[in-house]
Amino acid sequence: MYTDSKILKSLFYVQLFSSFLVVVGHFTASVLYFNDPFWVVALNQISRYGTVLLTIATGYLTAYSFEAKSPTPRDFFTGKLLYIFLPYLVSGILYHYLLKKEMPQTTLDFTNILMGKTGDHLYFVFMICQYYVFAYFFRNWITKRNILYVIWLLLAVQYVYINYLHKGWLELSTRHMLPSWIFTLYMGHLLYWYRETILSFLRNNRSILMLLTGIATAAAMFFVVSSKLYVAVHLTFVFATLLSFLVLMVFFLELVDHLRLKFRKGLTYFIFLFHSAFLILFKDFLFEQYGEVAWVFQNTWYSLLYLGLIFGCSFLLSLLLGWLVKGLEQLGRFAGKARRERLQ
C-alpha cells in the first residue's frame with residue numbers, strides 16, 4: 001500500500017510536469033505565429049492537459065489539507081493570501097507593466113488585475129480563489145460520505161453552466177468562473193478520499209493500468225489530430241485528463257524513491273504564474289537585438305533551446321520566490337508567537 005507521504009511526493013512531480021506543459025502551451029502559441037510544423041501543433045494541443053492536471057491536483061491537495069490539518073478560517077485563508085493571492089496581484093501588476101509599458105494607474109487597471117485580465121493565464125488563479133472560498137465553507141457539506149452522489153450534480157453544473165448559463169458577465173470568459181471547473185476540482189477531492197482504493201487497485205491490476213494508459217494515449221493522439229479545439233473546461237477533455245492523471249500518479253509512485261528533487265511549497269504555482277514574463281522579456285530582447293524573432297522559431301533546435309531557457313529561468317525564479325515567501329511565513333509565525341507571549 002502506498003503511504004500518503006509517497007503519494008504527495010508523486011503528486012508534486014505531477015504538478016511539476018503540469019507546470020511544464022503550461023509553459024509549453026504558451027511557448028508553442030508564440031511559435032505558431034511564425035511557424036506551424038506538426039510537432040509544434042501537437043505540443044500545443046497536448047499542453048492543454050497542464051491546466052486540467054493542475055486543477056485536479058489542487059482539489060486533491062485541498063481535500064488533504066481539510067482532513068490532515070483541519071485549518072481554522074484564519075489559518076486557511078492566511079496561507080492562501082500569502083502563497084496564492086498576493087503573488088497573483090504581483091504578477092498582475094507585472095504583466096500590466098510588461099504589456100503596456102506603464103504601471104497601473106486607473107480603477108479599470110486595478111480591476112483588470114484583480115479579475116485576472118492582464119495575463120492570458122491569470123484567469124485560472126481568479127477561478128481558484130473563488131474555489132478556495134467555496135471549498136472551505138462547504139467542506140462539511142461535500143464530504144467522503146456523499147461525494148459519489150454529489151459528483152454527478154457537480155458534473156451537471158459544469159456542463160450546464162458552460163453550455164447554457166454563462167453570459168460573459170464583466171467580460172469574463174467561462175474559464176474565469178468556478179462553475180466551469182467545479183466538477184474537475186472535486187474529482188481531485190474524490191481521488192484523495194479514495195486514493196488507497198484506486199491506486200492499490202491500479203498497482204495490483206497491471207492489465208487495467210495498461211488499458212488506461214492505452215486509452216489515455218489514444219485520447220491524446222485524438223486531440224492532436226482533431227480539427228476541433230478542445231478547451232480545458234470541455235468535459236471530454238477533462239475525462240481524458242483524469243485518466244492521464246491516474247496513469248501519471250502511478251508512474252511517479254514507481255519512480256519517486258529515485259528522484260532527488262524535494263517538494264518545494266509554491267514552486268509549481270510560481271512557475272505557472274511568472275513563466276509568461278520570461279516569454280515577453282526574451283521576445284522583447286530578441287526584437288531589440290535582431291529586429292525580429294522568426295529565425296528562432298523556424299529552427300527546431302533553437303526553438304527547443306529557447307523553451308528550455310524559458311522553463312529553466314522560470315524554475316529558478318520560482319525557487320527563489322518560494323524561499324522568500326516561506327521566510328515571510330516563518331517571520332509572521334515568529335511575530336505572532338512573540339505577540340501572544342507578550343499578552344500572557
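These numbers come from the heavy atoms of this one structure, side chains and all, not from hydrogens, waters or symmetry mates. Owing to the predicted nature of the structure, the values given are computational and were not obtained by experimental measurement.
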Roughly how far, to the nearest 0.5 Å, is the CE atom of M249 from the OG atom of S244? 13.5 Å
Side chains of I151 and Y186: closer than 4.5 Å at any heavy-atom pair? yes
So how far is it from T213 OG1 to M210 CE, rounded to the nearest 0.5 Å? 5.5 Å
Listed pairs under 3.5 Å, donor-acceptor, residues 260-270 side chains, sequence neighbours left out:
residue, atom, partner, partner atom, Å
R264, NH1, K262, O, 3.2
Y269, OH, I84, O, 2.8

I need the full list of side-chain hydrogen bond (donor to acceptor under 3.5 Å, both in side chains) pairs touching residues 119-129, with sequence neighbours left out, sorted by first then second residue. none
Taking the side chain as every heavy atom from C-beta outward, state whether S18 and V22 have any pair of such atoms under 4.5 Å apart. no
Pair Y306 and F297, ring centroids less than 6.0 Å apart: yes
Of all heavy-atom pairs between V256 and L253, which one has the smallest distance, and what is that distance? CG1-O, 3.7 Å
Could you give the distance from CG (L191) to CD1 (I198), rounded to the nearest 0.5 Å? 5.0 Å
Cation-pi, Y2 ring and R203 (6.0 angstrom, 45 degrees): yes
Hey, does V23 have a side-chain heavy atom less than 4.5 Å from the side chain of I310? yes
Do Y192 and R195 have side chains that get closer than 4.5 Å, going by heavy atoms? yes
Does any non-hydrogen side-chain atom of L317 lie less than 4.5 Å from one of H275? no
Tell me which one of N44, V52, T51, I46 satisfies side-chain contact (heavy atoms from CB on, under 4.5 Å) with R48. N44
Spacing of NE2 belonging to H26 relative to OG belonging to S47, to within rounding of 0.5 Å: 8.0 Å
Any side-chain donor paired with an acceptor under 3.5 Å for D75 and T78? no
Quick one: closest heavy-atom pair of L16 and I271, and the distance? CD1-CD1, 4.0 Å
Atom CZ in F252, atom CG in L11: separation rounded to 0.5 Å? 10.5 Å
Is I280 close to D284 at the side-chain level, that is, under 4.5 Å between some pair of heavy atoms? yes
What I want to find out is whether K9 reaches D257 closely enough, with some N-O distance under 4.0 Å, to be called a salt bridge. no
Rounded distance (nearest 0.5 Å) linking atom CG of L246 with atom OG1 of T241: 11.0 Å
Can you confirm whether more than 12 heavy atoms, excluding those of W152, are under 6.0 Å from its CH2 atom? no
With side chains defined as the heavy atoms from C-beta onward, is the minimum distance between Y132 and T62 less than 4.5 Å? yes
side-chain hydrogen bond (donor to acceptor under 3.5 Å, both in side chains) partners of residues 153-177, not counting sequence neighbours, each pair once: Q158-T184, Y161-H166, S173-H176
